[in-house]
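Here is the naming used below: chain letters follow the sequence lines, and residue numbers restart at 1 for every chain. Keep in mind that this is a model prediction, so the values were computed, not measured.
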Amino acid sequence: MSEIETAEAPATEKTVTNHLYLVDGSSYIFRAYHRLPPLTNRHGMNVGAVYGYTAMLWKLADGLKQAEGPTHMAVILDASEHTHRNEMYDQYKAHRPPPPEDLVPQFPLIRVATRAFSIPCIEKAGLEADDIIACYVMAAKKAGWKVTIVSSDKDLMQLVEDGAVDMLDTMNDRRIDEAAVHDKFGVGPEKVGEVLALMGDSVDNVPGVPGVGPKTATQLIQDYGSVEGVLAAVEEIKKPKLKQNLIEHAEAARLSRELVRLVCDAPLPEPLDELILKGIPPEPLKEFLEDQGFKTLLNRMVGGGPTNTGATVRNDVMAALDRRPASKITEPDAPEKIEVDVSKYETVTDEAALDRWIAEARAQGYVAVDTETDCIDCIIAKLAGISLATGPNRACYIPVGHVGGDLLSETPNQLPLQLVLDRLKPLLEDPAVLKIGHNLKYDWVMFDKAGIDVAPYDDTMLMSFDLDAGRSFGHNLTDLAKSQFEHECISFKSLCGTGARQITFDKVPLKEATEYAGEDADIALRLWHRFKPRMTTENAERVYKRVDQPLIPVIGRMERRGVKVDRDYLAGLSKTFSEEISKLEERIYEAACGPFTIGSPQQLGDVLYGRLGLKGGRKGKSGHYSTDVNELERLASEGVNCARLVLDWRQLTKLRSTYTEALQSVINPETGRVHTSFSLTGAQTGRLSSNDPNLQNIPIRTELGRKIRDAFVAEPGYVLMSADYSQIELRIAAHMADVPQLKEAFREGADIHNITAEELFGSADRENRNKAKTVNFAILYGVSPWGLASRMGVPKEEGQAIIARYFERFPGIRQYIDDTLQFVRSHGYTKTLFGRKTHFYPNIKSPNPSIRGGAERAAINAPIQGTSADLIKRAMTRMDGALAEAGLDGVRMLLQVHDELVFEVPDGREQEAAEVVRRVMATAAEPAIKLDVPLDVEVGWGEHWGAAH
DNA sequence: GACGTCACG
DNA sequence: GACGTACGTGACGTCT
């Protein structure tokens, strides 16, 4: 084993100029973190930045033997956040965000790594690394030494001096001399501080002068020499806005000048001579490399030491990174070129042709089916026609409900509806013929209404969803035709028009109808051929077959059943709300000194922050003041009466427009019930979504809103029963992340938020429990310290501390997050326990940190939310059968609200039904998955939904 | 159609 | 050195 050591003892050699290398450690690690791919050490901790840092130090130390190499060296770190600049300006660095969570634990390792190289690590309270560096630069220059600052921080460029001080940007392997500084700032190092002051710096919150960016700042300093020079000559400035800004913000400019000025006369924490490089003892370094599992560097050490140049070390870094598991991210398949000839489709208007198509489908064993109707709402829609496809460009359209487009045209020749249905029924129900549809739930309902139970079937929309959820393309037929085949489908608009003059499909002439409808079936069949092989190779078959595909009839039946809503009750609520709203409006206008449109956030913002002159408004990207609930609550708590009134007004108008009024208008006149539509592909995580109307967001959180729930009632002779999973996402998290305390708590039936409160805060009083509840959810969403702090109303340091403590107490959670992120980065998607994928590429690799961060948080959450969705879907699929088996055919499943199922139960059968429902829901994972936690289900019932909880 | 806001899990 | 700040939805009203 050899050690890294200096070839000579340079300090004692008169002929050799001492050369001090000052490494700006803090800034390096930030850059390394973002530039280098994530790397995990053998403790499972993210150490990408530490690896980058270690490799850089190695490279520097290895340069000892070179002419320009160091004789002295130190790593400079930031010791504290508070410095003299905060005394000068309390906003200094005030908005600087906390470092990324997986970077924080790497900071201490920087010191460990530095010690491993036996290089001094210097930090001093009250001084920023930049200042310490400046002090050493001055002292070294005075002693006649040369200095290299290892950093690319623009503030440090003030110190560059040809022949004495340069900078080394190790990431780009670039020396920065005076010329380079001049290139960047248009002025020499001595004027860099002046330019920086005018520019300002949003990260450090150096104010600068508004409207002055790098270009303007450079120009001004070139012209006038300094900030003071610019301010003195301000009258000469031509541009009026610039001149005004300079005058108005003269003090900010002077303050900025002082903020960017480096302290260079503080006493040195360590004397210069102490920084001498004597050689690097191998043991501590070896131990460090072993501990971190940096094998390549270790091998190099063992195998003869770093006799190499920097270039080799850089290769070494690359080699190490290359040896990580190769990226398994697969881009979506390239589109397949297809020729669609809609003129080949046949319009079927006689029995012989119909029988011919049925025979062809039966002979082939599969057929694509699509229904056309007069309305997008399948509950009330009437059939216009049915299309079938058996091969590329081989499709037909069977009109059954077409009428003349206008008074002049006659009803076209077509087969009678009932005859067509009678002929198709055996085919559609034939177990030997696979029916292929796109968004088959719609067609399933249409046929169900005709007494046809379509089976077996495949749904290409669901297949697309199970293969490609989260990818950038949509799963509807038109989008898929484009993304999979680069084919532009005939647009519905071109047939039926838009707006008031839009016609229904049953009025479209048969020729066009045949082209449109035939194409839908043709494309669906082509999609099936394209997706089918992928289902097995990409492991989507399991979630499709076990979770999503069987759900179609289940959801279809729920939609058809609908839920009864008490119209008179809603009308009464509407009236009460309206009266209250009127009163509030008067009082708001009074408080605001005049009427305005309260519902306009823009006008409201202008009234509050303009007319009433209130302070502290945040502005959004549109330049308008934010008037969301947080802001108004803040104002209200400061005693602004108007804000409270507006909040009340908002709540009431929301309830009236979205619920009491809208719900009345969607009551189906035939059934007297409300029929939502559940989308199986609406949420990337695998959750259902509900629309037209959305019955998954009926109010419950406030007393007033809750009244809306009372409008959802049972038919006479029935009660509404609600069954919901208790804490399902936390249970899944406890299982997936393998957290013993949480699993134990769930097994014992303990209150999970109390357990968390005890772990985090030592005791579980009411307040701590609420805090713990917030933290429990926040963590699963990938919250930042800042975000948690703002939600809990505590300083961000406390948010940070709580998160740290959470991870310390529940290390499994941190491991889960790290593992999930590592997986999604290398594979491009996440998976639920049942294998459902959600794709996050390319956002997970976005160079935009905000986009990437968003993808990371979503990826942390997706397996948990998605597993929960898988579970309740499985329960739903089994529910009707289980109820029937228990003789409870009269029990109807009506709604799903993510972790809740709502049923209509015949009077007197509540107990039995509750027992079956609870059992089916609680055992939803079995037998596929054995959960380490029990699934607890709470069941309640009553006359209306409000009473069922 | 974009945006802001707010209802739910 | 910047970016924004908790995940997933759908609906309504305003404004352009």
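A:Ile700 comes within 4.0 angstrom of the backbone, heavy atoms only, and of no base. Nucleic acid contact for A:Ser868: none, since no nucleic acid atom lies under 4.0 Å from a heavy atom of the residue. Among the heavy atoms of the strands, none lies under 4.0 Å from A:Ser846. No contact: A:Ala862 has no heavy atom under 4.0 Å from any strand. A:Gly599 comes within 4.0 angstrom of sugar-phosphate atoms only, judged by non-hydrogen atoms across all strands, and of no base. Counting non-hydrogen atoms under 4.0 angstrom, A:Asn691 reaches the backbone sugars and phosphates but no base. Among the atoms of the strands shown, only primed sugar atoms or phosphate atoms (P, OP1, OP2) are found under 4.0 Å from some heavy atom of A:Gln603. When heavy atoms are screened at a 4.0 angstrom cut-off, A:Asp724 is found touching no nucleic acid atom at all. Among the protein residues, A:Ala858 comes within range of the sugar-phosphate backbone only, with heavy atoms under 4.0 Å from sugar or phosphate atoms but none that close to a base. If you check every strand for non-hydrogen atoms under 4.0 Å, A:Arg687 touches a base.
Between A:Arg701 and B:dG9 there is a side-chain N or O to OP1 or OP2 distance below 4.0 Å. Residue A:Thr597 has no polar side-chain atom (N or O) positioned under 4.0 Å from OP1 or OP2 of C:dT14. A sub-4.0 Å separation between OP1 or OP2 of C:dC15 and a side-chain N or O of A:Ser600 is present.
In this pair, A:Trp945 and A:Phe712 present their aromatic rings perpendicular. The plane angle is above 60°, beyond the 30 to 60° band. Using cut-offs of 30° and 60° for the angle between ring planes, the A:Phe107 and A:Phe30 rings count as tilted.
Partner A:Asp870 forms a salt bridge (Lys or Arg N to Asp or Glu O under 4.0 Å) with one of A:Arg687, A:Lys837, A:Arg836, A:Lys831 and no other, that one being A:Arg836.
Remark: the A:Ser690 side chain and the A:Thr676 side chain contain an N/O donor-acceptor pair separated by less than 3.5 Å.
Of all nucleotides listed (B:dC6, C:dA6, C:dT16), C:dA6 comes nearest to the side chain of A:Phe777. Candidate nucleotides C:dG4, C:dT5, C:dC12 were compared by shortest atom distance to the side chain of A:Ser850, and C:dG4 ranks first. Of the candidate nucleotides C:dT5, B:dA7, B:dG9, B:dA7 has the atom nearest to the side chain of A:Asn697. Of the candidates C:dG1, C:dA6, C:dT9, C:dT9 carries the atom nearest the A:Ser689 side chain, counting heavy atoms from C-beta on. Here the nucleotide nearest the side chain of A:Ala683, chosen from B:dC8, C:dG10, C:dT9, is C:dT9.
Classification of A:Arg634 and A:Glu631 as a salt-bridged pair holds, one side-chain N sitting under 4.0 Å from a carboxylate O.
For the pair A:Leu704 CG and B:dC6 C1', the interatomic distance rounds to 14 Å; values are reported in whole Å. Distance CG (A:Leu780) to P (C:dC7): 13 Å, rounded to an integer number of Å. Atom-to-atom, CD of A:Gln696 to P of C:dC7 comes out at 19 Å; the value is rounded to the nearest Å. Atom CD of A:Gln684 is separated from atom P of C:dT9 by 5 Å (rounded to the nearest Å). Between the CD1 atom of A:Ile598 and the C1' atom of C:dC12 there is a distance of 16 Å, rounded to whole Å.
Using a distance-only test at 3.5 Å, with no hydrogens or angles considered, no donor-acceptor pair links the side chain of A:Tyr781 to the main chain of A:Ile860. Side chain of A:Asn691 to main chain of A:Pro693: no donor-acceptor pair is present (N/O by atom type, distance under 3.5 Å, no hydrogens or angles). With hydrogens and angles disregarded, no donor-acceptor distance shorter than 3.5 Å links the side chain of A:Lys873 to the backbone of A:Leu551.
Across all strands shown, C:dT9 pairs with B:dA7; the Watson-Crick or G-U wobble distances both stay below 3.5 Å. For C:dG4, there is no paired base (Watson-Crick or G-U wobble, both distances below 3.5 Å).
Residues A:Phe465 and A:His475 place their aromatic rings such that the two centres sit under 6.0 Å apart.
Of the residues in residues 647-657 of chain A, A:Lys654, A:Ser657 come within less than 4.0 Å of DNA chain C through at least one heavy atom, sorted by number.
Between A:Thr658 and A:Ala859, the residue anchored nearer the 5' end of DNA chain C, judged by the nucleotide with its closest heavy atom, is A:Ala859.
In terms of polar N and O atoms assigned as donor or acceptor, the side chain of A:Ser784 comes within less than 3.5 Å of the base of C:dT5 in a complementary pairing.
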